[in-house]
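Just follow the structure's listing: the first ligand is 1, and inside any ligand the first atom is 1. Heads up: numbering here begins at 1 and tracks the sequence. Because the structure is predicted, anything quoted here is derived from the model rather than measured.
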Amino acid sequence: MDSAPDTDSPDSPHCLIPAPTSTSTPHTPQGPPTRHPLHPHTTLHTTPGTEPLAALLRGGIGAATGLALPDGSVGRDRIVLRTSPEVAGRHGPEGYRLSTDRSVDDVAVLIEGGSAAGVFRGMQTLRQLLGPDAFRRAPLESTRQWDLPGVTVEDGPRFAWRGLMLDVSRHFMPKDGVLRYLDLIAAHKLNVFHFHLTDDQGWRIEIKRYPRLTDVGAWRSRTKWGHRASPLWDEKPHGGYYTQEDIREIVAYAAERHIRVVPEIDIPGHSQAAIAAYPELGNTDVIDTASLSVWDTWGVNPNVLAPTDNTLRFYEGVLEEVLEMFPEETSPFIHIGGDECPKEQWQKSDLVQERIRELGLAGENELQSWLIRHFDSWLSARGRRLIGWDEILEGGLAPGAAVSSWRGYGAGIAAAEAGHDVVMCPEQHVYLDHRQAGGEDEPMPIGYVRTLEDVYRFEPVPPQLGAEAAAHILGTQANVWTEVMENQSRVDYQVFPRLAAFAEVAWSALPAPADRDFADFDRRMTAHYKRLDALGVDYRPPTGPLPWQQRPGVLGRPIEGAPPNR
Ligand code: ACM
């Protein structure tokens, strides 16, 4: 890298996050790298396959700079977008080469992607090179001259799966907030949005054949305020759901940004909202399921689905609509949960015990495994792949199923060694609901202390994995459970700035954790905070929470060492 004195300027190629594979600047011994202006007459030239990106470039960089970027295919003052087999070969389909130094084709900006997705990732780098004001939605002044540092960036991702999971059940995030999060994910070069749509505390997706799922299941009358051990309640009703049109809009918006969406319909645990809506889904011979309402507090819930034929047909009906809303091209994986399913009701239920005998199974774990395998075959027959939390390994897992390794690395290691694809998302490292500092002023602090630096030093591929098993690690994902995040601002606080560190872990080819240059990342964060400010992200400031970000007197559940049990 060049050691020119602009290193700390927020529009420097040395301040990119996530760090690219390489940057090269023309040799300028006497001073800072040359800068190249963009003009009011600068045009935009798309080539086959990149046409849909024009609207995104104009809506993003165009809106922020006030540059109209009309179509234009001749002349030097052009931004050119094109796909390149050579870049695909070198950096993969999501890789790109960005040149602003006129070294290639003598145009103002050339972005060559391994595919349209790669061009889009390169556009994110272009925005960072224009400086923090390029993250605003309108220009601050009409007379500003925009320019770019002369640089060639070569770049491509380490992992194909770079995800964020957002729980919209515990606290609903209205649709515009979800679209905003897709923009934030895209700005960090992430490419998977895991959409946790159902849980005990709310069912958030319209299913036309089962209207009570949202009529009843999308609302609760009050909400625990703080960790479940807190004595406090928010007595306001809480709720909301996405209509099928909302979902299609979200999926299309993600697809434009080359983000895959993984919808999660959680079975057979975390299902009290569904049981409240349709009591016959529960274990009716053990408890009076008709008396259940949508859960208003947190934790692992004993009220789980009854593994009856009726339940299977019901969830096939749900999934039929889910598959229509989430098409195969952008949602090859469907998440069926499978986590934290207490077996007490199954043990007590004569009906369930009879079913276990009928099916010749060894017990409740095998019954859960049988249920998951049923949906694995059902999804496979429809061209999709099942993914579930790592409990789905218990009792045996269908060969094509993939695993989200959340309870640590162990399950992911076992799954990868058994030939299953794995997304590494261990709660000890990348659960962004966990507190990010040890101070008393963290809002409703739960779980482990995981600082920005801790996340930066997270390694998705455990060193003990052999090459063949390591190839099964599809990538990594940060998870955000929203029990103590009552609104978007609280979600922002937990997610940022740590998502920036996570994005670099997922995208960049970093050395082993102990050898990572956190000081350099932290230096680049100075620029990145300015970008987040321009985007309007309510991140946790490095100096700690602002007064309105604190929740004095509201109980959390800080944990030292032991696994957190939300
Ligand atoms: C989980 O955190 N229960 C997947």
Side-chain angles (χ1 to χ4, degrees), residues 161 163-171 192-204 224 227-228 262-274 295 297-305 333-343 365 368-369 371-372 375 386-395 397 401-412 414-415 420-435 444 446-448 450 455 458 460 474-485 491 494-495 498 502 556-557 559 562-566:
W161 184 303
L164 177 70
M165 188 221 73
L166 184 65
D167 164 17
V168 294
S169 171
R170 274 51 176 271
H171 281 99
V192 173
F193 178 56
H194 175 164
F195 204 8
H196 182 80
L197 286 161
T198 72
D199 216 299
D200 300 303
Q201 294 86 355
W203 184 284
R204 306 281 176 226
K224 175 60 65 179
H227 183 262
R228 67 175 182 280
V262 181
E264 180 180 351
I265 304 292
D266 206 337
I267 60 166
H270 290 289
S271 296
Q272 184 163 319
W295 212 21
T297 186
W298 321 122
V300 177
N301 187 318
N303 298 312
V304 305
L305 297 176
F333 284 93
I334 305 292
H335 207 292
I336 48 70
D339 57 322
E340 297 177 323
C341 177
K343 303 293 187 302
N365 279 346
Q368 168 152 347
S369 170
L371 193 76
I372 301 297
F375 285 103
L386 178 147
I387 182 164
W389 301 111
D390 60 51
E391 287 94 329
I392 68 172
L393 287 164
E394 291 160 11
L397 182 56
V403 172
S404 309
S405 187
W406 76 275
R407 289 181 293 179
Y409 284 110
H420 293 288
D421 286 339
V422 173
V423 175
M424 275 294 180
C425 49
E427 62 173 343
Q428 296 83 352
H429 299 273
V430 284
Y431 267 36
L432 301 183
D433 40 323
H434 290 192
R435 62 204 165 121
M444 306 181 194
I446 58 163
Y448 304 105
R450 289 298 174 258
V455 173
F458 164 61
L474 297 178
T476 181
Q477 183 172 293
N479 295 338
V480 186
W481 302 99
T482 58
E483 289 92 335
V484 297
M485 292 168 225
V491 174
Q494 292 300 130
V495 171
R498 291 181 295 180
F502 175 78
R557 191 167 191 258
I559 308 252
N565 176 5
R566 290 181 314 277

message = What I want to check is whether the side chains of Ser404 and His335 have a donor and an acceptor closer together than 3.5 Å.
response =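 A donor-acceptor contact under 3.5 Å links the two side chains.
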Number the atoms of ligand 1 from 1 as they appear, then name those within less than 4.0 Å of a heavy atom of [X], with their elements.
X: Trp481; value: 1 (C), 2 (O), 4 (C)
X: Glu340; value: 3 (N)
X: Tyr431; value: 1 (C), 2 (O), 4 (C)

ask   = Which of parallel (below 30°), tilted (30 to 60°) and perpendicular (above 60°) describes Phe502 and Phe458?
value =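 Rings of Phe502 and Phe458: parallel, under 30°.
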Arg450 side chain near Tyr431 side chain, heavy-atom distance below 4.5 Å =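 Sidechains of Tyr431 and Arg450: no contact.
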message = Considering both backbone and side-chain atoms of His270, is one of its nitrogen or oxygen atoms within less than 3.5 Å of a nitrogen or oxygen in ligand 1?
response =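 No: no nitrogen or oxygen of His270 is under 3.5 Å from one in ligand 1.
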ask   = Does a salt bridge link Arg407 with Glu394, judged by any charged N lying under 4.0 Å from a carboxylate O?
value =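 Yes.
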